[in-house]
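Right, one structure below, let's go through it.
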Protein chains: 2
Amino acid sequence: MKFSSRSHYGLRAMVALARSYPRGPVPLAEIARSEDISFSYLEQLMASLRRAGLVGSTRGVHGGYQLTDAPAEVTVGQVLRALEGPIAPAECASETGNSVFCDRETDCPSKTFWENLRDNIAQVVDATTLADLCPGDTVKVP
Amino acid sequence: MKFSSRSHYGLRAMVALARSYPRGPVPLAEIARSEDISFSYLEQLMASLRRAGLVGSTRGVHGGYQLTDAPAEVTVGQVLRALEGPIAPAECASETGNSVFCDRETDCPSKTFWENLRDNIAQVVDATTLADLCPGDTVKVP
DNA sequence: TAAAATCCCTACTGAATTACTGGGAATTAC
DNA sequence: GTAATTCCCAGTAATTCAGTAGGGATTTTA
């Protein structure tokens, strides 16, 4: 049971962006360097985050990426879903609709468990914001 | 973020064993049939569960597998750990000791989050027993 | 206009993991 | 002794993951 490196790297990158919010766009090369992530790989992660609307990008010489919303408004759940898709500890217990595939459907006791676990994970990731992961930063009212 | 099919099949098998507890050993072929799992694959899963002490086995003609403890005494957490190892949503946040590997170590904000998520998942899986997954069975005091 | 910086896209690849399959040895009941 | 069963280990096909590579497209600076 693991989250992929996409999530680990992606979350770290988002925290990095949160720390320099709202000071204009940050070039990827800078994040790649400070977080020690492959530049090309990070590019792909940012593409997913951009498509999800979590970050905005600016091209050109002083371009880069920046959060579209304040760190306190962005949940870790949003980040993880953008990077890994819906939370689903089991095929039969995905957040998004029905990945029908198991014929047990209605009365599978295990399914009930997996759904319960899924909801619990969702509750945790949705209750944590990027601001919570930026210790020392007093972004909120001083 | 998924649990592997080991967990899905293994948990289903354990629920099946729980349902026929404590009526002596159940042959694997029977579980494989009723749960529609490959016999050979199921064998491997049971080996893990046996090594973890969760099930006992009897060889020979009327042999099979059976729970070593009552369903209400076996948590889903025990089953999942036997099948997949320690709960660890991230390398740096494993239940068992330190898989030191990330140099950020102490002050990584993300690490704190992963540990928090891990503890939450652990809490859920450890609070659920096989008895909870056996609806209709009135195993407890009638 | 030209050059530099930066994002954007897509395809590929090597490694690891997963999900099995198969064969045979040991054990027990009858 | 034979049939039913667990036990054990080796191999393998498919998938996923993590990362690489390279060529645009767009914007700013000069």
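Because the structure is a prediction, the values reported are computed rather than measured.
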For nucleotides 27-30 of chain C, which of its nitrogen or oxygen atoms have a protein nitrogen or oxygen under 3.5 Å away, and what is each distance?
{"unit_1": "C:dT27", "atom_1": "O4'", "unit_2": "B:Arg59", "atom_2": "NH1", "d": "3.2"}
{"unit_1": "C:dT28", "atom_1": "O2", "unit_2": "B:Val61", "atom_2": "N", "d": "3.3"}
{"unit_1": "C:dA29", "atom_1": "O3'", "unit_2": "B:His62", "atom_2": "ND1", "d": "3.2"}
{"unit_1": "C:dC30", "atom_1": "OP1", "unit_2": "B:His62", "atom_2": "ND1", "d": "3.4"}

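- Computed from coordinates, the A:Met1 CE to C:dT18 C1' distance equals 17 Å when rounded to whole Å.
- Within the 4.5 Å cutoff, the side chain of A:Leu42 has no heavy atoms near those of the A:Glu35 side chain.
- Checking the phosphate oxygens (OP1, OP2) of C:dC8, a side-chain nitrogen or oxygen of A:Arg50 falls inside 4.0 Å.
- For the pair A:Tyr41 OH and C:dA11 P, the interatomic distance rounds to 18 Å; values are reported in whole Å.
- When heavy atoms are screened at a 4.0 angstrom cut-off, A:Ser5 is found touching the sugar-phosphate backbone but no base atom.
- Heavy atoms of A:Ser57 sit under 4.0 angstrom from primed sugar atoms or phosphate atoms, though from no base atom.
- Distance B:Leu45 CG to C:dT21 P: 12 Å, rounded to the nearest Å.
- Remark: P of C:dC8 and CZ of A:Phe39 are 11 Å apart, rounded to the nearest angstrom.
- Side-chain contact between A:Leu11 and A:Leu130 is present, with at least one heavy-atom pair separated by less than 4.5 Å.
- Note on the helix from C:dT1-D:dA30 to C:dC30-D:dG1: terminal axis deviation equals 10°, with five pairs used at each end and the result rounded to 10°.
- Rounded to an integer number of Å, the gap from CG of A:Leu42 to C1' of C:dC9 is 16 Å.
- Put simply, B:Phe39 and B:Leu49 are part of the same group of oily side chains (I, L, V, M, F, W, Y) that touch within less than 4.5 Å, one to the next.
- A:Tyr9 comes within 4.0 angstrom of sugar-phosphate atoms only, judged by non-hydrogen atoms across all strands, and of no base.
- Two residues are said to be in side-chain contact when any heavy atoms from C-beta on lie closer than 4.5 Å; A:Thr128 and A:Leu133 meet this criterion.
- The CG atom of B:Leu83 sits 11 Å away from the P atom of C:dA19 (whole-angstrom rounding).
- Counting heavy atoms from C-beta on, the side chains of A:Leu17 and A:Met46 come closer than 4.5 Å.
- Closest non-hydrogen pair, B:Ser110 versus A:Arg12, comes out as OG-CG, 3.7 Å.
- When every heavy atom of A:Lys111 is checked against every heavy atom of A:Cys92, the shortest pair comes out as CE-O, 3.5 Å.
- The aromatic rings of B:Phe3 and A:Trp114 are tilted relative to each other, their planes meeting at an angle between 30° and 60°.
- Using a 4.5 Å cut-off on side-chain heavy atoms (C-beta onward), A:Cys134 and A:Tyr21 make no contact.
- Smallest separation of non-hydrogen atoms from B:Ala127 and B:Asp132: O-OD2, 3.8 Å.
- Comparing B:Gln44 and A:Ala47 against DNA chain C, the residue whose closest nucleotide sits nearer the 5' end is A:Ala47.
- Taking the 5' to 3' direction, DNA chain D first and last meets chain A under 4.0 angstrom from a heavy atom at D:dA18 to D:dT29.
- Set against C:dT6, C:dA19, C:dC20, the side chain of A:Pro27 has C:dT6 as its closest nucleotide.
- Distance, A:Met46 CE to C:dT6 P: 14 Å, rounded to whole Å.
- Proximity of B:Leu67 to B:Val55: side-chain heavy atoms (C-beta onward) are separated by under 4.5 Å at one or more points.
- Between B:Glu43 atom CD and C:dA25 atom P the separation is 15 Å, expressed in whole Å.
- Between B:Arg81 and B:Asp126 there is a salt bridge, since at least one side-chain N of the basic residue sits less than 4.0 Å from a carboxylate O of the acidic one.
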